[in-house]
Number of protein chains: 2
Amino acid sequence: MQDSQTSETTQKTIEETIVSGILSAKIRPGTRLSENQLATLFGVSRTRVREAMMRLETRGIVHVSPRRGWFVVEPSAEEAIAVYEARRVIEAGLLRSMRVLTDEGRKALDAHLNEEKTAMAAGDRQRLTYLMGDFHIRIAELSGNAIIVDILRDLTARTILISMLYQSEFHAAQSHDGHCRIFEAMQAGDFVRAAELSVDHLDEVEMGLDLTTRPDPLSELRSSLSLPPKTVPSVSQLSDPKNHNIKGAIKTC
Amino acid sequence: MQDSQTSETTQKTIEETIVSGILSAKIRPGTRLSENQLATLFGVSRTRVREAMMRLETRGIVHVSPRRGWFVVEPSAEEAIAVYEARRVIEAGLLRSMRVLTDEGRKALDAHLNEEKTAMAAGDRQRLTYLMGDFHIRIAELSGNAIIVDILRDLTARTILISMLYQSEFHAAQSHDGHCRIFEAMQAGDFVRAAELSVDHLDEVEMGLDLTTRPDPLSELRSSLSLPPKTVPSVSQLSDPKNHNIKGAIKTC
DNA sequence: CTTTCCTGTCTTGTATGCAAGATAGCCAGA
DNA sequence: TCTGGCTATCTTGCATACAAGACAGGAAAG
């Protein structure tokens with residue numbers, strides 16, 4: 001039995017609900033999050049909704065436009081690049097630091113990859129989006145380091161928002177293949193290789209984005225008026241995503 | 001001219017003030033942060049103080065004990081280990097991903113290391129603590145990736161809290177030496193070596209901690225009653241800090 | 001038809017008030 | 001002296017009230 005009223009729920013539910021909504025691609029970037037609506041929806045006052053929004057803001061998930069409203073972030077092309085770069089840095093660093101893959105870990109990843117395969121067969125795109133992001137979180141969980149898990153979860157949420165904005169087609173098979181390769185390297189105990197594969201995988205996904213289409217509708221106008229671009233974290237000195245050979249081949253593992 | 005009233009200041013000042021107070025070791029772990037006191041201090045109402053506290057809480061800087069108060073976090077030994085592990089992962093991953101050290105970058109780091117030397121000569125411990133942490137943030141800034149900079153800034157703040165809790169002596173010369181080595185490797189364009197040195201450096205600092213003394217005063221009682229330890233992110237599968245040869249030699253560079 | 005301005009409505013920003021738990025200190029009783 | 005309990009006070013938790021900016025829509029002027 002399920003109340004239509006979601007009250008009685010504990011403190012962090014608003015935050016978690018929104019994040020998991022994003023992780024499963026049920027909430028689109030730019031979605032308006034009205035304090036009043038959320039308040040009535042969750043059966044609390046605006047105060048608590050605001051607290052959740054503030055937390056989500058520091059996590060880079062939502063932003064507020066003063067006296068206009070809260071919105072799920074719409075990462076710019078520059079921010080998208082920075083997110084992928086951060087993920088490459090952290091995930092590769094994490095894999096390189098690993099020494100063993102425990103049997104539990106192996107089982108967990110194996111089960112996860114099977115879920116991916118099942119969802120692919122079923123064509124369940126939302127679930128697939130969730131699983132594709134969750135794979136990386138699972139790897140972080142193997143490390144047992146809660147700090148890194150939290151960081152990667154938030155970055156994954158942003159990644160999903162990015163793909164909803166800039167990803168024309170969803171290359172699920174390709175991603176699944178990348179995950180399998182990483183898993184294989186881990187099973188072989190070759191974590192350096194796993195790290196490299198992880199970088200390649202993120203490069204592939206990033207290169208599957210069309211970062212020229214959507215950035216902001218004003219970009220052309222903005223540049224023709226020679227106004228400064230929005231907020232540009234320069235990434236010049238970091239490694240660019242390599243021109244990796246993208247093999248479209250579907251390989252089940 | 002300086003108002004005793006710090007009102008009129010902009011939104012994020014409370015948050016930033018506290019963080020920079022921690023980064024410069026002026027605020028100790030466990031410090032009580034009363035909403036009322038901060039409110040009068042900053043000339044605002046409790047509402048805005050609370051917002052700042054919530055943000056700091058999601059950043060891992062403060063925590064709230066329900067209806068007792070807000071406190072600057074006192075990381076447990078396990079959390080301390082997790083923080084250092086996260087820093088090793090991220091900083092090594094970052095250095096490995098770098099390709100060039102620009103001339104500005106070289107100058108910035110060089111200037112920083114000179115500041116460290118000056119502060120060491122002056123014996124200004126608070127400033128030294130700040131600079132020792134800031135070095136790592138400077139490196140992150142070189143990457144131009146704002147996401148990584150923010151993450152490392154918060155981790156550095158936590159690191160400083162950890163050293164205030166667990167560090168008996170302050171091996172400034174040793175840290176400075178480590179920074180110099182990293183800088184030299186970067187200048188030589190050997191970022192892989194820089195990453196390794198960074199890991200070694202963090203290992204050194206971590207091993208300079210006495211993680212058995214302070215954890216919580218109840219740990220003995222707790223274990224003798226066989227209660228579960230507080231909140232333990234297991235780090236078993238991650239590389240342990242290596243038994244690196246700690247050379248106490250002071251080397252100016 | 002276009003432009004400008006005005007006003008009503010909706011949004012967040014901020015302060016404040018009250019509820020309720022936690023704590024310290026005191027007092028009484030053994 | 002020690003123990004138990006009561007109360008005054010301080011803390012955060014949460015809701016609400018009001019302020020003030022943003023915006024849409026319509027009316028009036030050109």
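No hydrogens, no waters, no symmetry mates; every other heavy atom, side chains included, goes into these values. Sequence lines set the chain letters: A, B, ... in the order given, protein chains first and strands last, and positions in each chain run from 1.
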*For nucleotides 7-12 of chain D, read 5' to 3', which letter fits each nucleotide if B means a protein heavy atom sits under 4.0 Å from the base, S means only the sugar-phosphate is that close, and - means neither?*
----BB
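A close approach under 4.0 Å does occur between a side-chain nitrogen or oxygen of B:Ser45 and OP1 or OP2 of C:dA15.
Heavy atoms only, all atoms of each residue included: A:Ile22 and A:Ile160 are closest at O-CG2, 3.3 Å. Taking both residues in full, the closest heavy atoms of B:Leu202 and B:Tyr84 are given as O-CD2, 4.0 Å, listed atom of the first, atom of the second, then distance.
Computed from coordinates, the B:Met54 CE to D:dC14 P distance equals 8 Å when rounded to whole Å. If you measure from atom CZ of B:Phe42 to atom P of C:dT14, you get 15 Å, rounded to the nearest angstrom. Remark: P of D:dC14 and CZ of B:Arg48 are 22 Å apart, rounded to the nearest angstrom. Rounded to whole Å, atom P of C:dT11 lies 16 Å from atom NE2 of A:His63.
Using a cutoff of 4.0 Å between basic side-chain nitrogens and carboxylate oxygens, B:Arg55 and A:Glu57 are scored as salt-bridged. Contact check on B:Arg88 versus B:Glu85 returns a salt bridge, with a Lys/Arg side-chain nitrogen under 4.0 Å from an Asp/Glu carboxylate oxygen. The pair B:Arg138-B:Asp134 counts as a salt bridge, with a side-chain nitrogen and a carboxylate oxygen less than 4.0 angstrom apart.
Residues satisfying the side-chain contact (heavy atoms from CB on, under 4.5 Å) criterion with B:Arg68, sequence neighbours excluded, are B:Ser65, B:Phe71.
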